[in-house]
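To keep things clear, I will list the structure first and then write my remarks on it.
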Amino acid sequence: MTTAFASPSTYVQGKDLLKTASKYIKPFGDHGILLTDDIVWGLVGEKFYNYLTNDGLKIEHVVFGGESSPEEIDRIKAIGDSSDAKFIISLGGGKTNDTTKAVGDQLKIPIVITPTLASNDSPCTRLSVLYSENGEFLKYLFYDKNPDLVLVDTAVIAGAPVKFLIDGIADALSTNIEAQTVARAREITLLPLDTQQTQAGLALAEKCQQLLFRYTDQAVAAASDHTVTPALDHIIEANILLSGVGAESSGLAAAHSFQNGLTALTGDVHKLSHGQKVAFGSLLNLVLVGASDETLTKYITFEHKLGLPTTLKDLHLENASDADLLKVAQLTTQEGETIHNMGFKVTAEDVFDGIKTVDAFSRNLFSN
Ligand SMILES: NC(=O)c1ccc[n+]([C@@H]2O[C@H](COP(=O)([O-])OP(=O)(O)OC[C@H]3O[C@@H](n4cnc5c(N)ncnc54)[C@H](O)[C@@H]3O)[C@@H](O)[C@H]2O)c1
Ligand SMILES: [Zn+2]
């Protein structure tokens, strides 16, 4: 058995961290790119740019176009090439992070991720999700290392609408469910190394879940009020560090395959975030591994309280036909999907039955 663990080289988290961030960046060189979209520029980007340049760094601000597409990556790479950038900083959400990782990988320069949302686990992983310029999923790009530096300013994250934090909690909740599934199956992880879990990777997934069950209510209260508390610190760490490194080094299973399977359908389901779709996928994963009523109730109750989807109606699929749900199940189980990491054969019919069961169980739970 060969096992592997990977993580960003350095992870720093703190309130108002962006006001003291230059000491972490300066070892990479004296000039680089800052990638932000216009919204983030208005919120914190311009202030961050002014701080860095006043502190002696030469920063080129590049406006992110909004999609992590091959064209956008090529455009920004050309800018980095012509200015001989020594590092690239992402300031924004998952799409800005993913684009920055791709550009940094191609230019072979250090990558600094400063997430402004805790909406998913993109900051710490060594992969990007690529889309066409029109937003259709294209592929995953895997790299040979994780970002060099991740700087998380908790005050900035607390300033964002709370729905983004809840998306990240849903994504983080899937981490341990899938990690335990992969552990039982002794299957490979998400690292592009064809390796199995270390105990370290699994421990981070378990810690991630422990923090979510202990501190989510307080953290959501703090983020709703745009304040920073120790509970919010813990949940931000769970969403960004523990979920990212935990998922990557412990592997994925049915929850994330289900979110990919939903692309078989058109309609309002696509208005839902990654975390919202994964939330239902986590419940499906639990049903497929034969979780007890008590366990399923615990997760459904947790998600329901946060307003996350636990029924087909919540996924805007109350009118989906059985044929449509079977299409989702077929795509969920297509070759190459992580649902085949479960240690037993999972067919489209199994997934179809599992989806129906989650829906009925959840409806029964809340009709009582
Ligand atoms: N690489 C990975 O490991 C990985 C993991 C999970 C998801 N993803 C990818 O992440 C992307 C989704 O990321 P996302 O949910 O962060 O969305 P996003 O990057 O599209 O950002 C959402 C919006 O929020 C705005 N925004 C950013 N910070 C803000 C703030 N502080 N306050 C208010 N608004 C703010 C942005 O301007 C943007 O308009 C998807 O493309 C998904 O595939 C990647
Ligand atoms: Zn995810």
Side-chain angles (χ1 to χ4, degrees), residues 6 8 18 35-45 47-48 63-69 72 90-102 105 111 113-132 135-143 146-147 150 152-175 177-179 190-192 208 223 226 236 239-241 243-260 263 270 272-279 281-282 285 338:
L18 291 190
L35 187 67
T36 67
D37 64 25
D38 284 335
I39 294 174
V40 173
W41 178 256
L43 290 171
V44 286
K47 275 188 224 121
F48 188 44
V63 180
F64 177 52
E67 194 51 87
S68 48
S69 65
E72 184 66 350
S90 166
L91 184 70
K95 287 184 186 286
T96 316
N97 299 339
D98 278 356
T99 305
T100 298
K101 284 192 264 183
D105 175 72
I111 296 163
I113 306 287
T114 52
T116 56
L117 300 171
S119 51
N120 60 59
D121 52 22
S122 61
C124 291
T125 62
R126 57 167 72 187
L127 69 98
S128 297
V129 190
L130 295 201
Y131 298 83
S132 70
E136 289 136 3
F137 169 77
L138 285 181
K139 61 177 174 181
Y140 296 100
L141 271 188
F142 292 94
Y143 311 118
N146 298 59
V150 178
V152 183
D153 186 329
T154 52
V156 170
I157 299 215
V162 70
K163 74 180 168 74
F164 288 114
L165 186 81
I166 292 173
D167 288 342
I169 290 169
D171 201 16
L173 188 69
S174 69
T175 303
I177 294 173
E178 292 181 292
L190 199 56
L191 288 172
C208 179
H226 307 303
I236 290 172
N239 287 10
I240 295 179
L241 178 63
S243 176
V245 176
E248 188 167 62
S249 283
S250 296
L252 300 181
H256 276 78
S257 290
F258 173 74
Q259 101 93 39
N260 296 340
T263 60
H270 296 297
L272 299 174
S273 69
H274 174 78
Q276 287 173 317
K277 294 178 204 166
V278 167
S282 291
N285 198 127
T338 52

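Just the heavy atoms: all of them, side chains too, but no hydrogens, waters or symmetry mates, feed the values below. Counting convention: from 1, in listed order, for ligands and their atoms alike.
The ring of Tyr140 has its center closer than 6.0 angstrom to the ring center of Phe137.
An N or O contact shorter than 3.5 Å links Tyr131 to ligand 1 by distance. Residue Ser68 has no nitrogen or oxygen atom sitting less than 3.5 Å from a nitrogen or oxygen atom of ligand 1, judged on distance alone. Taking any N or O of Asn120, backbone or side chain, at least one lies under 3.5 Å from an N or O belonging to ligand 1. Checked against a 3.5 angstrom limit, the closest N/O atoms of Thr96 and ligand 1 fall outside it. An N or O contact shorter than 3.5 Å is missing between His274 and ligand 1 by distance. Taking any N or O of Gly94, backbone or side chain, at least one lies under 3.5 Å from an N or O belonging to ligand 1.
Under a 4.0 Å criterion applied to the non-hydrogen atoms of Ala160, ligand 1 contributes the atoms 30 (C), 31 (N), 32 (N). Each of the following atoms of ligand 1 lies closer than 4.0 Å to a heavy atom of Thr125: 1 (N), 2 (C), 3 (O). Atom numbering of ligand 1 starts at 1 in the shown order; those under 4.0 Å from a heavy atom of Val129 are 43 (O), 44 (C). Close contacts between ligand 1 and Asp37 involve ligand atoms 36 (C), 37 (O), 38 (C) [criterion: under 4.0 Å to a heavy atom].
Counting heavy atoms under 4.0 Å from ligand 1, residue Thr116 touches it through both backbone and side chain. At a 4.0 Å heavy-atom cut-off, ligand 1 touches Leu127 through backbone and side chain alike. Residue Ser119 touches ligand 1 through its side chain alone, judged by heavy-atom distances below 4.0 Å. Contacts between Pro161 and ligand 1 below 4.0 angstrom, taking non-hydrogen atoms only, involve the side chain exclusively. Counting heavy atoms under 4.0 Å from ligand 1, residue Glu248 does not touch it at all. Here Ile157 has no heavy atoms under 4.0 Å from ligand 1, in either its backbone or its side chain.
Within the 4.0 Å heavy-atom cutoff, Phe164 counts among the residues contacting ligand 1. The shortest separation from a heavy atom of Tyr140 to ligand 1 is not under 4.0 Å, leaving the residue out of contact.
Scanning the protein for heavy atoms near atom 35 (C) of ligand 1, the closest one is Leu117 CD2, 3.9 Å. For atom 9 (C) of ligand 1, the closest heavy atom belonging to the protein is Asp98 OD2, 3.7 Å.
A side chain to side chain contact (heavy atoms under 4.5 Å, CB included) with Thr114 is found for one member of Leu91, Thr36, Thr100 and no other, namely Leu91.
Proximity of Thr96 to Val40: side-chain heavy atoms (C-beta onward) are nowhere separated by under 4.5 Å. For the pair Thr99/Ser90, no side-chain contact is recorded, criterion being any heavy-atom separation below 4.5 Å from C-beta on. Residues His256 and Asp171 are in side-chain contact: their nearest non-hydrogen atoms beyond the backbone lie under 4.5 Å apart. Proximity of Glu248 to Asn146: side-chain heavy atoms (C-beta onward) are separated by under 4.5 Å at one or more points. Counting only heavy atoms from C-beta outward, the side chains of Ile240 and Pro115 approach each other to under 4.5 Å.
Within His256, the N, O or S atom at minimum distance from the Zn ion (ligand 2) carries the name NE2. The N, O or S atom of Asp171 lying closest to the Zn ion (ligand 2) is OD1.
Not a single salt bridge (charged side-chain N to carboxylate O under 4.0 Å, His left out) links Lys277 to another residue, sequence neighbours left out. The salt bridge (charged side-chain N to carboxylate O under 4.0 Å, His left out) test applied to Asp98 returns Lys101, not counting sequence neighbours.
With hydrogens and angles left out, the side-chain atoms of Asp121 and Ser243 include a donor and acceptor closer than 3.5 Å.
Counting backbone and side-chain atoms alike, Asp121 contributes no N/O/S atom closer than 2.8 Å to the Zn ion (ligand 2).
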